[in-house]
Amino acid sequence: MTPDNATESANAGRTRLSQALAQVAQADRGALRDVYDMTSAKLFGICLRICRDREVAADIVQETYLKVWQRAGRFDPERASPITWLCTIARNGAIDWCRANRVALARTDIDEATGV
């Protein structure tokens, strides 16, 4: 894939995800499924990297999509990319879980998990 094709593909994915989030904001369950299909692997990876527990990570991802369902109307594509917005919700949920359960957080793990 050439750099131009890769950029076009990334932009198309970003647009598709933004549109799906807009539909989720209108209570479209099928759109939530699309958002899940496009992003669940990445969000699970972030949560797993931070929590280091597969079961907990899966629970946090589930909670993340519940929050997406409730907050999709707040997403503003002018302020952040859709994947950044979703990753932030998942990352914050994982960090909150670690704090509530007194699990030590390693700063490098959090930064690596989100690609910072």
Side-chain angles (χ1 to χ4, degrees):
M1 184 177 286
T2 66
D4 288 340
N5 289 343
T7 301
E8 288 176 25
S9 179
N11 287 338
R14 186 175 303 119
T15 298
R16 184 171 163 228
L17 188 51
S18 291
Q19 290 170 342
L21 284 170
Q23 292 171 320
V24 171
Q26 301 300 315
D28 183 334
R29 291 176 186 217
L32 183 62
R33 169 56 73 184
D34 291 342
V35 171
Y36 178 88
D37 290 344
M38 288 185 271
T39 62
S40 61
K42 182 172 185 76
L43 299 186
F44 179 77
I46 289 168
C47 294
L48 182 59
R49 182 69 184 250
I50 294 169
C51 296
R52 300 179 198 107
D53 182 310
R54 295 184 75 75
E55 204 170 301
V56 169
D59 289 345
I60 294 168
V61 169
Q62 181 177 355
E63 291 172 16
T64 298
Y65 288 105
L66 178 60
K67 289 176 184 176
V68 169
W69 179 256
Q70 295 167 339
R71 301 176 186 173
R74 299 181 195 170
F75 171 67
D76 181 358
E78 298 297 319
R79 295 187 65 202
S81 75
I83 195 64
T84 299
W85 186 73
L86 293 163
C87 288
T88 300
I89 295 170
R91 174 186 175 272
N92 290 347
I95 291 169
D96 289 347
W97 180 88
C98 288
R99 288 179 179 154
N101 291 282
R102 301 188 186 275
V103 173
L105 293 170
R107 182 72 185 152
T108 56
D109 286 345
I110 293 169
D111 291 343
E112 289 175 11
T114 57
V116 175

Taking all atoms of both residues into account, what is the closest heavy-atom pair of [X] and [Y], and its distance?
X      : Y     : result
Val68  : Val24 : O-CG1, 4.0 Å
Leu21  : Pro82 : CD1-CB, 3.7 Å
Ala104 : Arg52 : O-NH1, 3.5 Å

Checklist line | Under the salt bridge (Lys or Arg N to Asp or Glu O under 4.0 Å) test, residues paired with Arg14 that sit two or more places apart | finding: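 With neighbours one apart ignored, the set is empty.
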Note to self: Suppose the criterion is ring-ring contact (aromatic ring centres under 6.0 Å, His included): which pairs have a residue in residues 39-71, not counting sequence neighbours?
What the structure shows: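 Found Tyr36-Tyr65.
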Margin query: Going by salt bridge (Lys or Arg N to Asp or Glu O under 4.0 Å), name the pairs with one or both residues in residues 27-39, residues two or more places apart or in two chains.
Written below: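 Found Arg33-Asp37.
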Next item on the list: If a pair satisfies salt bridge (Lys or Arg N to Asp or Glu O under 4.0 Å) and one of its residues is in residues 63-76, list it, with sequence neighbours excluded.
Entry: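 Sorted pair list comes back empty.
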For the [atom1] atom of [X] and the [atom2] atom of [Y], what is their distance to the nearest 0.5 Å?
X     : Y     : atom1 : atom2 : result
Leu86 : Leu43 : CG    : CG    : 6.0 Å
Glu78 : Ser18 : CD    : OG    : 9.5 Å
Ile46 : Arg91 : CD1   : CZ    : 9.5 Å
Cys51 : Asp96 : SG    : CG    : 10.0 Å

Checklist line | Sequence-distant partners of Ser81, side-chain hydrogen bond (donor to acceptor under 3.5 Å, both in side chains), two or more places apart | finding: Thr84
Check: Got a sec: does the CD of Gln70 have more than 12 other heavy atoms crowding it under 6.0 Å?
Finding: yes
Note to self: Clusters formed by hydrophobic residues whose side-chain heavy atoms approach within less than 4.5 Å: which one holds Ile60, and what are its other members?
What the structure shows: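 For the cluster that includes Ile60, the remaining residues are Val56, Trp97, Val103.
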